[in-house]
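Working notes, beginning with the structure itself.
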Amino acid sequence: MTPFEQQMSRLNPTQLQAVTLPSQSALVLAGAGSGKTSVLTTRMAWLISTGQVTPQSILAVTFTNKAAKEMMTRLSSLLPINTRGMWVGTFHGLCNRFLRAHYRDANLPQAFQILDTADQLSSIKRLLKAMNIDTEKFQPKQVQYFINGAKEEGLRPADCDTGDFFQRKMVEIYVAYEAQCQREGVVDFPELLLRAYEVLSKNDALRAHYQARFAHILIDEFQDTNNLQYAWIKLLAGQNTVLMAVGDDDQSIYAFRGARVENMRLFEAEFAKNNLIKLEQNYRSFGHILDAANELISQNTNRLGKDLWTDKGHGEPVRIYEAASDFSEAQFVIEEIKAQINEGQMRRDIAVLYRANAQSRVIEHGLFNAGIPYRVYGGLRFFERAEVKHALSYLRLLDNPHDDTAFIRVVNFPARGIGARTLELLQDAARLHNCSLWSAVPFATGSGAAKLMGFTRMIDALRFDTQHLPLPELVDHVIAHSTLIAHYKNEKEGQDRIENLNELVNAAAAFTQIEGHASDATALQSDTDNTIITPLAGFLSHAALEAGDNQAQAGQDAVQLMTVHAAKGLEFKTVFILGLEEGLFPHENSLNEQGGVEEERRLMYVAITRAQDRLYMTLAQQRMLHGQTRYGIKSRFLDELPEASLKWLTPRASVYTAWDNTASEVATPSFGSYKKDENNTMGFRVGQAVHHAKFGDGVVVKLEGSGEDTRAYVNFGGSYGIKCLALNVAKLEVK
DNA sequence: ATCACAGGTCTTTTT
DNA sequence: GACCTGTGAT
């Protein structure tokens, strides 16, 4: 049997149905651990190996580079085909490829650079300064959010609402921002998608070409698509294109960044018609864990609906532990981890999941003291490190000197006496001539003009000296001759940075080897234009689109610490879910949002379904948060789990009870530790009915602190839930 | 140019 | 409580 035939024989009937579906579009509702990636890759292999299509006529799109890579790896292990030139990648990666090939149609310079989120933010800050806009009123982050939000809805400034003054100003900034990006030849993340979308929609010939080319489009994690992504897919799909969208509405946890679960229903109506395939057999978890997940998620409304099942048996019940504090919660987790390691469990098979990053510290501390190796996910990634970004900025200037973000970043780094005043004059000159900072250098006035000339000469020299060098040597040359290395040698803490710079050379070498001269360039060549992007341009795109691993002490067997979001798509033998308290999980900020609690519930569903063999859920009665001690209430989600699948390790139902948010009145709350309060609490007492201008009527459930510092927890019921209010600030009326 | 201090923030995050 | 950002003083 070939590897492909073996794989086919392993599929269950539903999976096989999805893999071999004839030329009809379908929506595959793939539950957690149901073999979703297998189905996608095997279907691609099936389409190719049965001769229905060539590899080039398949488009497969994912959200993360990791998923794309995984798909490629699995596909090439199934079939002895050359995957190069195949359109498998992330939305952004594919749009980048498309725009490189059609840069003229897209009205972009061939060497356009990609701004990552941080670059975009500094670009916006620069713009706001130039426009003399009050950054108190128009915060750069907000502006960024506005612009990206508009782009993700497919809106250009002309399409935006200009209702009030604020909106008009925002749109005005958006206009200026677009002009600035265009002048600099840079493109932010959502622009990659929007520009690609617009080119396709305006250019009939090009659209026809791609629609004819792609016989099959496969989309992974469809529940995470935003409006623009869905629109882009619809544009690429021709009359005869067959689409397969794979996703799980119950695992939609990215609404906060624009994901639209509704796209699944839309897709079903627009393409899949009656082709809804449900993958419901779970191969990951034991029964009790699955029962808990199913029961929890059944509380959500408006689901497409599915029930996971397993034939693995019940397994162990879900263990619940109520600790006195976050500290003892950590102690418990660490003791359990120790015990499991003693039983022979690998550390890497144990995961500690939490809602918010701030929760990791206590656990880290405990693990560190216990001498247990651990790895925390999240934080700075390789290509986001300052020294790496500096080096990349030099490289970007070689490729496109008009990239002002890169220019500003390194024009005086390492310091070469070009100060704020000099740059201000340069920016004036650039504005006057409506050109990039680079082009404005000859017009620069003031004492620093000569130094600026020196800088541009240096960049020109770097470009000239490296023009025939292979990529790794080019990078090496640039980090040396830009004096970055020398600069860090003089810094006390510079050794790590130098190592990272050398690592960048390695990354360039690895990029040359894998991506090579081959894949991207040939792929582009095969498509209309004769564009061949240089290895440097390719590497820069790669650096922007794939931020690299988080600091990885990879290889070492370590306990895994991460947020629930970061855990999506992963599985572990043993999982700890921490902080099952109201206000934390579900997070208090979600309670005000439309559909917020349901998204939190899906998040909990994702967390539970990560566990294969053993699941712990813990809560703490008291926890340090934002520098204050907060007293927790048991999470409502604990009450939504089936009793039969749980095992309480601490006495069940301590005094803490979840709030019934539907009740408008809470009588005497059965609340634990609003202890000893004969203090002066500004005339408020627990159980008192109060009124707040914004939140309406509520009941004080707990008082903290005293005098000026008194804080009241007030349950407003309904969508507001429990709020913590500082009484010297909040205007709270006694009713 | 460099450091120190104040001030604000603290849900989740990929590209 | 801890971290990052921005600003002001030397």
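Sequence lines set the chain letters: A, B, ... in the order given, protein chains first and strands last, and positions in each chain run from 1. Nothing here was measured: the structure is a model prediction, and the numbers come from that model.
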* No-H, no-angle donor-acceptor pair, A:Thr117 side chain to B:dT15 base, under 3.5 Å ->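 Side chain to base: pair found, below 3.5 Å.
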
* Kindly say if A:Arg381 contacts the phosphate of B:dT14, meaning a side-chain N or O under 4.0 Å from OP1 or OP2. =>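 The answer is yes; a side-chain N or O of A:Arg381 sits under 4.0 Å from OP1 or OP2.
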
* A:Asn589 vs B:dT12: side-chain N/O to OP1/OP2 distance below 4.0 Å ->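 False: A:Asn589 side-chain N/O out of range (4.0 Å or more) of B:dT12 OP1/OP2.
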
* What string of B, S and - do you get for nucleotides 4-10 of chain C 5' to 3' if you count protein non-hydrogen atoms under 4.0 Å? -> --S----

Distance check needed: [N] [atom2] versus [X] [atom1], whole Å only.
| X | N | atom1 | atom2 | result |
| --- | --- | --- | --- | --- |
| A:Leu423 | B:dA1 | CG | P | 10 Å |
| A:Leu584 | B:dT12 | CG | C1' | 12 Å |
| A:Lys141 | B:dT13 | NZ | C1' | 13 Å |
| A:Glu588 | B:dC10 | CD | P | 12 Å |
| A:Arg630 | C:dG1 | CZ | C1' | 14 Å |
| A:His587 | B:dC10 | NE2 | C1' | 8 Å |
| A:Asn148 | B:dT14 | CG | C1' | 12 Å |
| A:Ile577 | B:dT12 | CD1 | C1' | 15 Å |

* Residue mapping more 5' on DNA chain B - nearest nucleotide basis, A:Gln139 or A:Glu546 ->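 Nearer the 5' end of the strand: A:Gln139.
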
* Asked: Going by the angle between their ring planes, with limits at 30° and 60°, are A:Phe267 and A:Tyr230 parallel, tilted or perpendicular?
  ->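 If you compare the ring of A:Phe267 with that of A:Tyr230, the planes turn out tilted.
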
* To do: Measure the acute angle between the ring planes of A:Tyr488 and A:Phe413, then classify it against the limits of 30° and 60° as parallel, tilted or perpendicular.
  =>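 Rings of A:Tyr488 and A:Phe413: tilted, as their planes differ by 30° to 60°.
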
Would you please name every residue forming a ring-ring contact (aromatic ring centres under 6.0 Å, His included) with [X], sequence neighbours left out?
| X | answer |
| --- | --- |
| A:Phe407 | A:Phe455 |
| A:His587 | none |
| A:Phe112 | none |

Has the side chain of [X] got a donor or acceptor atom that lies under 3.5 Å from a matching backbone atom of [Y]?
| X | Y | value |
| --- | --- | --- |
| A:Glu384 | A:Arg381 | yes |
| A:Gln144 | A:Thr117 | yes |
| A:Glu581 | A:Ala620 | yes |

* Nucleic acid contacts of residues 352-362 of chain A, taken as heavy-atom distances under 4.0 Å to DNA chain B ->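 Heavy-atom cutoff 4.0 Å gives A:Arg355, A:Ala356, A:Asn357.
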
* Asked: When you measure from every atom of DNA chain B, which of residues 246-256 of chain A have a heavy atom less than 4.0 Å away?
  ->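 Residues of residues 246-256 of chain A under 4.0 Å from DNA chain B: A:Tyr254, A:Phe256.
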
* Asked: Is there a donor-acceptor contact under 3.5 Å linking the side chains of A:Gln223 and A:Asp249?
  ->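 The criterion, which ignores hydrogens and geometry beyond distance, is not satisfied for A:Asp249 and A:Gln223.
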
* Hey, are A:Asp188 and A:Tyr177 close enough side-chain-wise for a donor-acceptor pair under 3.5 Å? ->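 Side-chain D/A pair, A:Tyr177 to A:Asp188: present.
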
* Asked: By centroid distance (under 5.5 Å) and plane angle (under 30°), are A:His92 and B:dT15 in a stacked arrangement?
  ->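 Stacking between A:His92 and B:dT15: absent.
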
* With a non-hydrogen cut-off below 4.0 angstrom, is A:Asp116 in contact with a base, only sugar-phosphate, or nothing? ->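 Answer is nothing: A:Asp116 stays at 4.0 Å or more from every strand.
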
* A:Phe189 near the nucleic acid: base, sugar-phosphate alone, or nothing, with a heavy-atom cut-off under 4.0 Å? ->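 Contact class for A:Phe189: base.
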
Out of [options], which nucleotide sits closest to the side chain of [X]?
| X | options | answer |
| --- | --- | --- |
| A:Thr563 | B:dA1, B:dT13, B:dT15 | B:dT13 |
| A:Asn412 | C:dG1, B:dA1, B:dT15 | B:dA1 |
| A:His626 | B:dT15, B:dC10, B:dT13 | B:dC10 |
| A:Glu600 | B:dT15, B:dT11, B:dT14 | B:dT11 |

* Geometric cation-pi criterion, A:Arg257 with A:Tyr254: 6.0 Å, 45° ->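 That pair qualifies as a cation-pi contact.
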
* For nucleotides C:dC3 and B:dT14, find the distance between their C1' atoms and express it as a whole number of Å. =>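 Approximately 23 Å lies between the C1' atom of C:dC3 and that of B:dT14.
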
* **A:Arg602 and its side chain to side chain contact (heavy atoms under 4.5 Å, CB included) partner, picked from A:Leu296, A:Ile297, A:Val597** =>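 Only one option passes, and that is A:Ile297.
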
* Asked: Of A:Asn96, A:Asp224, A:Thr62, A:Ile233, which is the lone residue that meets side chain to side chain contact (heavy atoms under 4.5 Å, CB included) with A:Phe91?
  ->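 Single pass found, and it is A:Ile233.
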
